[in-house]
Amino acid sequence: MPKPANTKERAYMARVAALGCYLCRYLGRGESLAHVHHVGNDGMGLRGSHFLTVPVCPRHHDNSSIDGIHGQRRAWKLAGVTELDALADTIERLQA
């Protein structure tokens, strides 16, 4: 079971989500609502740090979408980007 986020982690993840979906922005689709994806999530119940998160919309996150990072990642592959690219962008935007 993943460890629940503490107050500082929840505040950080809220800032990340407020950036809007990384991939929508990268593809020139403008701002979209986002939630966070934990980088390094292995799908086995082990989640990466709450501070290693990137903003993605449901379409670009879910395993029910062929474009989702937990699905077939079609949009990610076509764009030539990875979750690590999204993490670098997220850190850069938060520091700006």
Side-chain angles (χ1 to χ4, degrees):
M1 186 78 167
K3 181 182 169 190
N6 63 34
T7 302
K8 189 180 259 188
E9 291 166 328
R10 282 193 304 274
Y12 177 81
M13 290 188 293
R15 287 181 55 218
V16 170
L19 295 174
C21 179
Y22 163 77
L23 194 56
C24 286
R25 193 173 5 90
Y26 183 84
L27 295 172
R29 297 183 182 151
E31 297 297 321
S32 62
L33 295 177
H35 51 260
V36 297
H37 164 72
H38 287 77
V39 175
N41 184 354
D42 69 1
M44 301 282 293
L46 300 176
R47 177 180 285 168
S49 167
H50 295 301
F51 292 109
L52 294 176
T53 54
V54 297
V56 287
C57 66
R59 176 181 173 181
H60 293 130
H61 189 220
D62 294 341
N63 59 3
S64 60
S65 167
I66 61 172
D67 289 333
I69 202 157
H70 289 294
Q72 296 177 20
R73 300 180 185 222
R74 184 185 67 160
W76 293 82
K77 291 174 186 174
L78 288 173
V81 295
T82 67
E83 64 185 346
L84 293 180
D85 295 319
L87 181 61
D89 179 78
T90 300
I91 293 168
E92 203 172 287
R93 288 173 55 88
L94 289 174
Q95 291 178 346

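Just so it is clear, the model here is predicted, and its values are computed rather than measured. Index from 1, following the sequence. For the numbers below, each heavy atom of this structure counts, side chains included, while hydrogens, waters and symmetry mates do not.
Atom NE2 of His38 sits about 4.5 Å away from atom NE2 of His50, to the nearest 0.5 Å. Separation of atoms NE2 (His61) and SG (Cys21) is listed at 10.0 Å; rounding is to 0.5 Å. One finds the NE2 atom of His70 at 11.0 Å from the OG atom of Ser64 (value rounded to the nearest 0.5 Å). The line from CG of Leu52 to NE2 of His37 is 10.5 Å long, rounded to the nearest 0.5 Å. Rounded to the nearest 0.5 Å, atoms OG (Ser32) and CZ (Arg59) are 10.5 Å apart. Note that CZ of Arg15 and OG1 of Thr53 are 10.5 Å apart. Values are rounded to the nearest 0.5 Å.
When the side chains of ILVMFWY residues are joined at heavy-atom separations under 4.5 Å, either directly or via intervening members, Val36 and Leu19 end up in a single hydrophobic cluster. Hydrophobic cluster membership differs between Leu87 and Phe51, with clusters built from Ile, Leu, Val, Met, Phe, Trp and Tyr side chains linked at under 4.5 angstrom. Connection of Tyr26 to Ile69 is established within a shared hydrophobic cluster, with ILVMFWY side chains joined at heavy-atom distances below 4.5 Å, either directly or through further cluster members. Linking ILVMFWY side-chain heavy atoms closer than 4.5 Å, directly or via other members, places Trp76 and Ile66 in two distinct hydrophobic clusters. Leu33 and Tyr22 sit in two unconnected hydrophobic clusters of ILVMFWY residues. Membership requires side-chain heavy atoms under 4.5 Å apart, directly or through other members.
Pairing each heavy atom of Ala5 with each of Met13, the nearest pair is CB-CE, 3.5 Å. Minimum heavy-atom separation, Ala17 to His35: CB-CA, 4.3 Å. Scanning all heavy atoms of the two residues, the minimum distance from Cys57 to Cys24 falls at SG-SG, 3.8 Å. Among all heavy-atom pairs drawn from Val16 and Leu94, the shortest one is CG2-CD1, 3.8 Å.
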| task | Evaluate the criterion side-chain contact (heavy atoms from CB on, under 4.5 Å) for residue pair Leu84 and Val39; output intermediate values, then yes/no. | result | CA-CA 8 Å; Leu84 293 180; Val39 175; 3.9 Å; yes
